[in-house]
Amino acid sequence: MNPAAGDPTRTPATLAQARHALRQGSAVVLPNPAPLTHVVAATTATAVNRAKHRPADQPVALWAHHHDTLDTLTGLWDLAPQHRAMALRLLAEEHLTVLLPVRAHATLPSWLGPAVKDGWMLLFGARWQPLHPLLDDHPVLYVSSANLTGCPPAADTGEALAMFPPSVSVLHLTDPEHPHPQTGTLVRRATTTVRVTPDGQLQLHRHGAQDHARGRTDDYLRHLHTRAACSPSR
């Protein structure tokens, strides 16, 4: 076995152990509900990148799950109020990863820096109920797909334990499986990434779990725009 690799036979972390690891500044691998894969999260972007074996200063997504964080972020988006509401729904209800334009000349908090590149901020907004105790500890978290560079993201606890070394805790939580309608097996993918332009248009930045079975990209984006526009605001 590669000495930098994980050990699939080791015991996964409990929620209490994962919370402790985050408080100590370590990266942890966390599950998501189907059809999403696992993610790696930490209180610093450096810890996320080191867990993934990539440059420490590489941009990462900010996990925009906390209302205080979101209240700060919405004032920094170069979006009209109705488009800001749509962006919130894409994050909280569609569980997408979203690229949002940064308002020109805005003063950004230092903790947002790792998630901003070329005038766009990268946010992840899923808030799975079993993770609430852990997420509520940390209004600011950084997050990325649970994979090492060049590898697909971990789809289950076993894959995560085999991929990441013991220094990276892997949390296991039970998620009822949602079989794929054609194969009857669970298919997991990283999140779809969507860009919201300043005029409120949606662009597909990266294919992923949410758009996989939706047919043509234009059809998916129209479907997404309609859902986000019609959903009640938070």
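For the numbers below, each heavy atom of this structure counts, side chains included, while hydrogens, waters and symmetry mates do not.
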Colleague: Are Leu221 and Leu99 co-members of a hydrophobic cluster defined by side-chain heavy atoms under 4.5 Å apart?
Modeller: no
Colleague: Does a donor on one side chain sit under 3.5 Å from an acceptor on the other, for Lys52 and Thr149?
Modeller: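 No, no side-chain donor-acceptor contact under 3.5 Å.
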Colleague: Give the intermediate values and the outcome of side-chain contact (heavy atoms from CB on, under 4.5 Å) for residues Leu173 and Leu131.
Modeller: CA-CA 9 Å; Leu173 293 173; Leu131 290 177; 3.6 Å; yes
Colleague: Rounded to the nearest 0.5 Å, what separates atom CG in Asp78 from atom CG in Leu100?
Modeller: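 If we round to the nearest 0.5 Å, Asp78:CG and Leu100:CG are 10.5 Å apart.
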Colleague: Would Leu135 and Leu36 show up in the same hydrophobic cluster when neighbours are defined by side-chain heavy atoms closer than 4.5 Å?
Modeller: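 In one cluster: no.
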Colleague: Counting only heavy atoms not in His20, do more than 12 sit closer than 6.0 Å to its NE2 atom?
Modeller: no
Colleague: Would a 4.5 Å heavy-atom cut-off, applied to side chains only, mark Pro31 and His172 as touching?
Modeller: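 Not in contact.
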Colleague: Which pair of non-hydrogen atoms, one from Trp120 and one from Asp118, has the smallest distance, and what is that distance?
Modeller: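 Minimum heavy-atom separation between Trp120 and Asp118: CD1-O, 3.2 Å.
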Colleague: Where the side chain of Thr226 meets the backbone of Arg222, is there a donor-acceptor pair that is under 3.5 Å apart?
Modeller: yes
Colleague: Output the distance between atom CE (Met121) and atom CG (Leu108), rounded to the nearest 0.5 Å.
Modeller: 6.5 Å
Colleague: Work out which heavy atom in Pro165 is nearest to a heavy atom in Arg10; give both atom names and the distance.
Modeller: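 Nearest heavy atoms, Pro165 then Arg10: O-NH2, 3.4 Å.
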Colleague: With rounding to the nearest 0.5 angstrom, report the CG to CG distance, Leu62 to Leu122.
Modeller: 9.0 Å
Colleague: For Phe124, enumerate each residue passing the ring pair (Phe, Tyr, Trp, His ring centres under 6.0 Å) test, keeping only those at least two apart in sequence or located in another chain.
Modeller: Trp63
Colleague: Enter the distance from Leu96:CG to Leu123:CG here, rounded to the nearest 0.5 Å.
Modeller: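 It comes to 11.5 Å.
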Colleague: Determine yes or no for a side-chain-to-main-chain donor-acceptor pair under 3.5 angstrom, with Gln58 supplying the side chain and Asn49 the backbone.
Modeller: no
Colleague: State, to 0.1 Å, how close Pro35 and Ala209 come at their nearest heavy-atom pair, and which atoms those are.
Modeller: O-CB, 3.7 Å
Colleague: Under the criterion side-chain contact (heavy atoms from CB on, under 4.5 Å), I'd like the reasoning laid out for Val140 against Leu112: C-alpha separation, chi angles, the key distance, then a yes or no.
Modeller: CA-CA 9 Å; Val140 173; Leu112 183 57; over 6 Å; no
Colleague: Test your reading of the model: is there a side-chain donor-acceptor pair from Trp77 to the backbone of Leu73, 3.5 Å cut-off?
Modeller: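 Side chain of Trp77 to backbone of Leu73: a pair is present.
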Colleague: Check His205, Gln201, Arg206 against Arg195 for a side chain to side chain contact (heavy atoms under 4.5 Å, CB included) and give me the one that passes.
Modeller: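 Looking at His205, Gln201, Arg206, the match for Arg195 under the side chain to side chain contact (heavy atoms under 4.5 Å, CB included) is His205.
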Colleague: Do Val170 and Val28 come within less than 4.5 Å of each other through their side chains, counting heavy atoms only?
Modeller: no
Colleague: What are the two closest non-hydrogen atoms of Ala27 and Val40, and how far apart are they?
Modeller: CB-CG2, 3.9 Å
Colleague: Any donor and acceptor pair, going by atom type alone, linking the side chain of Glu159 with main-chain N or O of Ala155 inside 3.5 Å?
Modeller: yes
Colleague: Any chance you could measure Leu15, atom CG, to Leu30, atom CG, to the nearest 0.5 Å?
Modeller: 9.0 Å
Colleague: Are Leu141 and Leu22 close enough that some pair of their side-chain heavy atoms sits under 4.5 Å apart?
Modeller: yes
Colleague: Is there side-chain contact between Pro12 and Leu161, with at least one heavy-atom pair below 4.5 Å?
Modeller: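 Yes - at least one pair of side-chain heavy atoms lies under 4.5 Å apart.
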Colleague: For Ser26 and Ala42, which heavy atoms make the closest approach, and how far apart are they?
Modeller: O-CB, 4.0 Å
Colleague: Strictly distance-based, threshold 3.5 Å: is any side-chain N or O of Tyr142 a donor or acceptor partner for the main-chain N or O of Ala47?
Modeller: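 Not confirmed, Tyr142 side chain does not pair with Ala47 backbone.
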Colleague: Between Arg188 and His38, is there a donor-acceptor pair closer than 3.5 Å when you use the side chain of the first and the backbone of the second?
Modeller: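 Checking the backbone N and O of His38 against the side chain of Arg188, no donor-acceptor pair under 3.5 Å is found.
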Colleague: Let me confirm one number: the CG-NE2 distance from Leu90 to His225, rounded to the nearest 0.5 Å.
Modeller: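 It is 8.5 Å, given to the nearest 0.5 Å.
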Colleague: Quick one, Val194 with Gln203, criterion side-chain contact (heavy atoms from CB on, under 4.5 Å). Give me CA distance, side-chain angles, the key distance, then yes/no.
Modeller: CA-CA 6 Å; Val194 170; Gln203 300 172 349; over 6 Å; no
Colleague: Under a 4.5 Å cut-off applied to non-hydrogen side-chain atoms, are Val102 and Val116 in contact?
Modeller: yes
Colleague: Is there a donor-acceptor pair under 3.5 Å between the side chain of Thr192 and the backbone N or O of Gln210?
Modeller: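 Side chain of Thr192 to backbone of Gln210: a pair is present.
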Colleague: Verify, without hydrogens or angle tests, whether Asn147 (side chain) and Pro153 (backbone) share a donor-acceptor contact under 3.5 angstrom.
Modeller: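 Such a contact is absent between Asn147 side chain and Pro153 backbone.
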Colleague: Among side-chain atoms of Thr197 and Asp199, is any donor-acceptor pair under 3.5 angstrom?
Modeller: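 Indeed, the side chains of Thr197 and Asp199 share at least one donor-acceptor pair under 3.5 Å.
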Colleague: Report yes if some heavy atom in the side chain of Val196 is under 4.5 Å from a heavy atom in the side chain of Leu79; otherwise report no.
Modeller: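 Of all side-chain heavy-atom pairs linking Leu79 with Val196, at least one is under 4.5 Å.
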Colleague: Might you work through the side-chain contact (heavy atoms from CB on, under 4.5 Å) test for His95 and Thr191, ending with a clear yes or no?
Modeller: CA-CA 8 Å; His95 299 166; Thr191 60; 5.8 Å; no
Colleague: Test side chain to side chain donor-acceptor pair (under 3.5 Å) on Asp136 and His132 and set out the steps.
Modeller: CA-CA 6 Å; Asp136 289 343; His132 283 190; 5.3 Å; no
Colleague: What are the two closest non-hydrogen atoms of Ser169 and Ala21, and how far apart are they?
Modeller: OG-CB, 3.9 Å
